[in-house]
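Take a look at the structure below.
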Amino acid sequence: MSSEVKVLKKVTGNIQKHPKETEDSNALTSRPVILDKAMYNEKIRAEIALNSISDAVICTDINGMVNYLNTAAEKITGWPRQDAYGLPSHQVFHIVNGTTRKTPPSPVASVLKTNQPVGLAADTLLIKRDGTEAAIEDSSSPIHNWNGELTGVVIVFHDVSAARSMAMKMAHLAQHDFLTNLPNRVLLNDRIAQAIESAKRNHTKIALLFLDLDNFKHINDSLGHPTGDKLLKLVTTSLVASVRGNDTVSRQGGDEFIILLSDIKNEADAALTANKVLELLTLPHIISNAQLYITTSIGISIYPDDGLDAEILIQNADTAMYHAKDLGRNNYQFFKAEMNLRAVERQVTEVNLYAALDKHQFILHYQPKFNVLSKEMIGVEALVRWHHDEWGVVMPDKFIAIAEDTGLIIPIGKWVLRAACQQIKHWASLGLKDITVAVNISALEFTQKNFIADVQQILLETKVNAHQLELEITESVLMRDAKSSAAILSQLKEMGLVLVVDDFGTGYSSLSYLRKFPIDVLKIDRSFVNEIGTTAEDGIIVSAIINMANSLKLKVIAEGVENQQHLDFLVSHDCTEAQGYFFSHPLTALEFENTYIN
Ligand code: C2E
Ligand code: MG
Ligand code: MG
């Protein structure tokens with residue numbers, strides 16, 4: 001830029017030196033009457049140079065009146081030369097501060113006053129002749145004549161709108177999530193810090209709501225990432241609709257969101273928002289004509305009660321969220337100090353679980369199932385146990401959920417299937433032919449691409465007849481994506497496996513889907529069996545399920561049968577099969593053999 005100024009100075013100086021030139025005429029565009037050839041050539045060269053550069057150049061005389069614009073200056077300002085010449089510079093070079101919208105001190109006046117070059121403030125906008133604006137960068141310098149006297153000012157500037165908007169875009173991207181355009185963790189941390197400052201001043205509180213969508217992974221895996229992405233965007237809309245304008249909804253990545261509620265009075269304000277979120281999310285999300293249902297688990301931490309900085313508050317809200325998950329999902333929990341202990345426990349379990357398969361720490365127990373009339377043993381359900389070298393026996397409700405969250409359920413589930421099939425083979429060799437063994441299949445296994453191939457492979461490898469293997473899949477897993485469940489079930493059915501809906505009655509089945517599922521057995525959830533003889537309900541649900549199974553021509557089995565009263569009820573309501581402590585607890589393979597073989 002400085003070289004152009006120099007060229008201009010030199011040219012202006014030369015031209016003004018000519019005796020026939022008037023002082024304030026346009027030095028570069030008016031035709032000099034007498035000009036020696038060298039000087040004329042130099043002038044033309046300068047003019048071409050000035051008009052071909054992308055920087056805009058405006059010159060003024062000693063009074064600050066415009067006496068030159070190059071082509072770029074005409075273009076940027078919208079002022080053609082003939083209109084601009086003779087006007088005060090601030091009219092043609094009309095600038096304001098981008099933030100304050102105020103007119104900054106005139107650079108021309110400043111140069112004329114100080115005889116020194118000046119630059120503009122970074123955030124300067126040029127108001128064009130038509131009123132539109134452009135971000136510019138500029139510098140203004142004095143023009144001197146051959147005697148070194150100040151004769152005017154040259155302003156050199158260029159449009160930085162594109163560069164500035166790119167810079168703003170980059171800044172936005174650095175602070176926002178790409179998919180949802182929500183603030184990301186960087187910006188959230190900033191906002192939390194601000195909110196804490198304001199809460200300190202106003203003696204108010206802030207709340208962080210840590211959300212993790214329930215079972216989002218299954219939706220993503222079974223319906224594909226594009227659908228998952230669309231769902232995340234719809235969830236974003238619901239979340240934003242649940243909060244006030246000055247609250248922040250941010251995405252942490254994956255299916256995790258954090259809502260920052262600033263300036264709240266008490267916990268009840270946070271609970272209100274949490275309820276609103278849970279409620280809004282239960283509405284179906286429509287994606288390509290399909291209705292998707294999603295719930296979320298929310299953990300809440302409060303400043304200053306649960307932490308004094310962003311890091312601790314987020315960590316504690318996260319811990320409370322895990323607690324909400326453990327309590328059956330689709331709920332919110334406030335952070336409590338003792339939760340940290342559970343969180344540590346969970347972490348320790350997770351770390352140990354990773355090594356459990358390699359250390360051969362899993363073992364299957366078998367709970368026999370019975371015909372209620374003949375009391376004959378008709379099969380078993382395989383139930384996994386984890387024999388930890390220090391902790392002893394760990395029951396599935398302590399580790400299956402963690403195995404699901406970590407994906408470890410896939411190798412564990414495969415191990416269970418293989419071990420169950422090997423057991424079938426072993427029992428056959430002891431003379432117990434044709435026994436069926438039921439294996440529980442978790443949500444993640446069921447929706448995993450290789451599941452069917454894995455089952456097939458294990459059957460082949462162990463040479464077990466498919467009809468001896470029952471798969472128990474819970475009702476809620478089947479209903480999560482009924483269409484694809486129907487497809488998976490059909491393939492399994494074709495292979496000859498026996499299909500059982502586990503924990504039936506807890507998963508809101510639609511009858512129309514149940515009809516479409518090629519299933520064989522409904523297993524009544526033990527919570528309903530437990531109600532028999534205790535509540536006013538007194539087995540209403542159990543008898544309704546038995547009726548439903550009969551009308552759908554499905555077998556029905558009751559689990560959790562603990563006493564004679566339960567059994568009598570089942571017999572009198574035509575339920576043919578039962579399982580429970582009343583008949584037998586889960587047994588080791590050896591115990592089972594000692595009791596039921598020979
Ligand atoms: P489930 O499939 O509903 O299994 C029945 C559970 O009820 C078993 O608990 C069993 O021991 C228990 N039970 C049996 N009879 C009675 C009774 O009369 N009264 C009561 N109160 N309970 C009874 P367990 O073994 O602790 O398993 C709990 C759950 O863990 C299972 O529920 C199943 O969902 C899951 N699970 C167990 N093994 C596996 C496995 O290998 N893979 C997967 N994915 N899940 C498993
Ligand atoms: Mg089961
Ligand atoms: Mg069950």
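Just so it is clear, the structure is predicted and the values come from calculations on it, not from any experiment. Ligands are counted one by one from 1 in listed order, and the atoms in each one are counted from 1 as well.
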Please confirm whether [X] approaches ligand 1 to less than 4.0 Å, judged on its heavy atoms.
{"X": "E445", "result": "yes"}
{"X": "D502", "result": "yes"}
{"X": "H365", "result": "no"}
{"X": "H585", "result": "no"}
{"X": "P586", "result": "yes"}

Handout entry: Distance under 6.0 Å and angle within 45° of ring axis: K516 vs Y513
Key =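 Yes, cation above the ring, under 6.0 Å and within 45°.
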Handout entry: Over 12 non-hydrogen atoms of neighbours within 6.0 angstrom of NZ in K493
Key =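 More than 12 heavy atoms, drawn from other residues, nucleotides or ligands, come within 6.0 Å of this atom.
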Exercise for the section: Determine the minimum heavy-atom distance between Q423 and A589, stating which atoms define it. Expected result: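 Scanning both residues, the minimum pair turns out to be OE1-CB, 3.6 Å.
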Which of the numbered atoms in ligand 1 are below 4.0 angstrom from a heavy atom of [X]?
{"X": "E562", "value": "17 (C), 18 (O), 19 (N), 20 (C), 21 (N)"}
{"X": "Q367", "value": "14 (C), 15 (N)"}
{"X": "D503", "value": "3 (O)"}
{"X": "E559", "value": "3 (O), 5 (C)"}
{"X": "M395", "value": "26 (O)"}

Problem - Qualifying residue for side-chain contact (heavy atoms from CB on, under 4.5 Å) with V249, from L188, T180, L239, T236 - result: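 Among the candidates, only L239 passes.
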Only N/O/S atoms count here: what is the atom of [X] closest to the Mg ion (ligand 2) called?
{"X": "D502", "result": "OD2"}
{"X": "E472", "result": "OE1"}
{"X": "E381", "result": "OE2"}

Exercise for the section: Quickly, which of K325, R251, K217 forms a salt bridge (charged side-chain N to carboxylate O under 4.0 Å, His left out) with D212? Name it, please. Expected result: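 With D212 as partner, salt bridge (charged side-chain N to carboxylate O under 4.0 Å, His left out) holds for just one option, K325.
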Handout entry: E470/K523 salt bridge by N-O under 4.0 Å criterion
Key =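 So K523 does not pair with E470 through a salt bridge.
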Problem - Salt-bridge present (E461, R418; N to O < 4.0 Å) - result: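 Salt bridge: yes.
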For [atom], which of [options] has the closest heavy atom?
{"atom": "atom 17 (C) of ligand 1", "options": "F399, Y581, F362", "value": "Y581"}
{"atom": "atom 39 (C) of ligand 1", "options": "V384, V439, V416", "value": "V384"}
{"atom": "atom 33 (C) of ligand 1", "options": "I400, N440, L417", "value": "N440"}

Practice task
Tell me which part of D397 gets within contact of ligand 1: side chain, backbone, both or neither, using heavy atoms under 4.0 Å.
Solution key: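 Contact part for D397 vs ligand 1: neither.
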Exercise for the section: Select one of side chain, backbone, both or neither to describe which atoms of Q579 lie under 4.0 Å from any atom of ligand 1, heavy atoms only. Expected result: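 The answer is neither.
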Check for a donor-acceptor pair, side chain of [X] on one end and backbone N or O of [Y] on the other, with a separation under 3.5 Å.
{"X": "N547", "Y": "S543", "answer": "yes"}
{"X": "Q422", "Y": "T462", "answer": "no"}
{"X": "N331", "Y": "A324", "answer": "yes"}
{"X": "D306", "Y": "L313", "answer": "no"}

Exercise for the section: Kindly confirm whether the Mg ion (ligand 2) is within less than 2.8 Å of some N/O/S atom in T474? Expected result: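 No, since none of the N, O or S atoms of T474 sits under 2.8 Å from the Mg ion (ligand 2).
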Practice task
Could you tell me how the ring of Y581 sits relative to the ring of H585: parallel (under 30°), tilted (30 to 60°) or perpendicular (over 60°)?
Solution key: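 Y581 vs H585 ring planes: parallel.
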